[in-house]
Every structure is written in C-alpha cells, then in structure tokens.
K.L.:
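Questions regarding the structure given below will be posed in turn.
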Amino acid sequence: MQGIVVKLDRGYPLVETEDGVQYRCEHATSLVKGADVRAACGDRVEISVPEGHDKGIIEEVLPRRNAFVRKDPTERMEQQVLAANFDKVFVAEPCAQLNVRRLERELVLAHESRAEVFVLLTKADEAESAEALGRVRALVQRVANDARVLSVSAQDAASIEAVRACIAPGEVAILLGKSGVGKSSLVNMLVGDEVQATGAVREGDGKGRHTTVSREMVRIPGAGCVIDMPGVRGLALWDSDAGIDAAFSDVEELASACRFADCRHGAEPGCAVRAAVEDGRLAQERFDSYVRLRDEVQTAKKRVEEAKRIKSRTGHPRRWRG
Ligand code: GDP
Ligand code: ZN
C-alpha cells in the first residue's frame, strides 16, 4: 500500500493511506541498516501491514520531489530531512521585530527547496501605524525580491483568508520561522480550531519553549495542508548555492553580463554587478548581503570538505568548535 507520512513525533511515523486509514509504522530494517533512510513528514511511502501486527512497516520511501533538509556542518555533518514533497514555503517574520539578516537566511533556505516562497509578516497589528507597516512591508519586499509578501494578523480574518488562498487543495505548504512569531496561531486560524498549542497556552513558563517537537501535516478546510516546523533553529547555510541563486535572482541576472563567467564581483574588470551597484540599479546593502551569504556558504563547504578528509583518514568525524 502507498501512503503519506502525516505525522512524526517521538513515536513511530504516522502514515495515512489513500483510503484515509492511518497506521503507526516502523521502518523496515533494510531501510535503516545501510544508508539509514528515515521517512520525513510529507514522504510518500510503501507500507505493508503484516497479519497480526499492531504496526505497519515502511518498506520503501519513494523518491522525494523536494525536501527541507537540516544541514549543519557544526554537528557531525549529518543531514536530516525535516519535510518532503511540499509546494510552498511560508517564511514568517514578525513585523515589529523584523530581523533582516535572519529573513535573508530563511529565504535562502526556503528557496533551496525549489518550492514557491512567500513571506508572512506576522503580528501586523503590532505595527505602530499603517504607515509603519507599509514601510516594513516595502523593506521586506525588497529583501524578498520576487517572493510575495503578505501581512497577517490574528486580529484580521481577511489576512488569514489571503494565506489560505495561497494553498490550493492538494497542495502542501511548510511554515518556517523563529519560535514565537505566531506560526501555531496562524495554523489554528487556518484550521479554525485549536490543533496546535500556541504561546498563549504555555505562557507562564516564560522560556519561550517549543510547544512541540512533532511535525504534522494539518489539513486546512477548503485548502491544502500545512506543516509547521517548530524548533527549527540553527539552520546553517551549507551547499546552498541554488538557494542563493534563487533568493538573489536579481544579482544572478546582472552577473550574466559580467565579462568572466566565474566573476566573483570583486576586483574583476567588466563586472556588471559592481557597475549596477555604482549606478544605483542594485542597492549596496543587497549586494553586501549577497556577498556575505555567498562567502558563508563557501566557508562552510570548505569546512565540510576538510572534515570529510579528516574522517576518511581517521575514521572519526571531527566536531567543529564555534
Ligand atoms: P509560534 O511559536 O511561532 O508557533 O508562535 P505562537 O503562535 O505560539 O504565538 C506566539 C505568541 O504571539 C502568542 O502569545 C500569540 O498569542 C501571539 N500572537 C500570535 N499571532 C499574533 C498576532 O497576529 N498578533 C499579536 N498581537 N499576537 C499574536
Ligand atoms: Zn561580476
């Protein structure tokens, strides 16, 4: 039977088959032994349910259309797939505590999946005025480049409807963003139900603790599904060239006119990107962000290569400090 992994928590993956039946499943030993294949939320899997067994068995994880992968070169370099086979990525940033640097990184990671990217400017009601909101939105739109920017507020039902309209029936969206930006509240409003405990519920512990470690595909009435990605932090950029190219498609486009195909837009003659910065077609700030992220990826790649070399020599992974 084929099914989709609809929930991953501390227990066994929950798989829903085409006829709507859900099974807790374990991985077949052949999957976890060799390459250590683990199903992620959104994965299509082939399962069997042996007679007299209380659990199903995931026999195969079908090829992924795309994936959101935690790649962290500082942590033993193991990759972890956090979600698979989704169509849209919503990057949530709070309008009153917008962090442009963080948004830029989130956008690169979002684009890396090759899904369609949106920015949600959350808690729009916390903006000081309509003008202030407009200014933040304009800034965010510049950072977001081609991605659509939506402002949302729990106070404004129409803003939630606009998000719902972006997730067509049959589509899957993932929701990214720092803890506390209002992701669970948004999911609850999309669903019209308290499916996810929000910050309000756990107020009092004062620690901004993550509500849950589970990842679950939540069905939105009249729309598709959404997967909240709680506790996704410390997302390192590594091997994110495709994400940078997509997040900075404006820079890439200019770069196609550079004299050298491998121009680094530094001191090379005939650099079209620097020319665009000089005559104001490309904002200096945006160029700086591009260079910063590109160099960060470069450095991370070198570290990974180095760690691989050490590992192949000694058989031990080396943990990087800092
Ligand atoms: P998450 O950690 O991203 O899932 O964030 P939560 O949904 O748990 O929300 C964190 C806090 O922000 C809670 O206290 C919510 O009540 C509050 N919150 C969520 N959405 C909004 C909003 O649109 N406006 C305002 N003012 N507060 C919100
Ligand atoms: Zn150049």
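What you see is a predicted model, and the numbers here were worked out from it, not measured in a lab. Numbering of ligands and ligand atoms starts at 1, following listing order.
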K.L.:
Within the 4.0 Å heavy-atom shell around Gly182, which atoms of ligand 1 are there?
P.N.:
1 (P), 3 (O), 5 (O), 6 (P), 7 (O), 9 (O), 19 (C)

K.L.:
With atoms numbered from 1 as shown, which atoms in ligand 1 lie under 4.0 angstrom from a non-hydrogen atom of Ser185?
P.N.:
6 (P), 7 (O), 9 (O), 15 (C), 19 (C), 20 (N)

K.L.:
When you check the gap from the basic side-chain N to the acidic O, do Glu285 and Arg142 get nearer than 4.0 Å?
P.N.:
no

K.L.:
With atom 3 (O) of ligand 1 as the reference point, say which of Met229, Met189, Lys183 has the nearest heavy atom.
P.N.:
Lys183

K.L.:
If I compare all heavy atoms of Val181 with all of Lys123, which pair ends up nearest, and what's the gap?
P.N.:
O-CE, 3.6 Å

K.L.:
Roughly how far, to the nearest 0.5 Å, is the CD1 atom of Ile227 from the NZ atom of Lys88?
P.N.:
14.0 Å

K.L.:
With heavy-atom distances below 4.0 Å as the criterion, list the atoms of ligand 1 near Val181.
P.N.:
3 (O), 5 (O)

K.L.:
From Met217 CE over to Ile4 CD1, what is the distance, rounded to the nearest 0.5 angstrom?
P.N.:
5.5 Å

K.L.:
Of the choices Asp125, Asp228, Val187, Thr122, which has the non-hydrogen atom that lies closest to atom 22 (C) of ligand 1?
P.N.:
Asp125

K.L.:
Please note down the angle at the Zn ion (ligand 2) between SG of Cys263 and SG of Cys271, to the nearest 10°.
P.N.:
110°

K.L.:
Hey, does the side chain of Arg38 reach the backbone of Val32 with a donor-acceptor pair shorter than 3.5 angstrom?
P.N.:
no

K.L.:
Which is the closest N/O/S atom of His265 when seen from the Zn ion (ligand 2)?
P.N.:
ND1

K.L.:
List for me each residue that meets salt bridge (charged side-chain N to carboxylate O under 4.0 Å, His left out) alongside Lys301, sequence neighbours excluded, and say none if there are none.
P.N.:
Asp241

K.L.:
Polar-atom distance check: Leu186 versus ligand 1, any N or O pair below 3.5 Å?
P.N.:
no

K.L.:
If you compare all heavy atoms of Arg101 against all heavy atoms of Asn99, which two are closest, and at what distance to 0.1 Å?
P.N.:
N-OD1, 3.1 Å

K.L.:
Using a 4.0 Å cut-off to any heavy atom of Ser179, which atoms of ligand 1 qualify?
P.N.:
2 (O)

K.L.:
Counting each atom of ligand 1 from 1 as listed, which ones have a heavy atom of Glu126 under 4.0 Å away?
P.N.:
25 (C), 26 (N)

K.L.:
So between Gly180, Pro94, Ser153, whose heavy atom ends up nearest atom 2 (O) of ligand 1?
P.N.:
Gly180

K.L.:
Can you label the angle between the Tyr290 ring and the Phe248 ring as parallel, tilted or perpendicular, going by 30° and 60°?
P.N.:
perpendicular

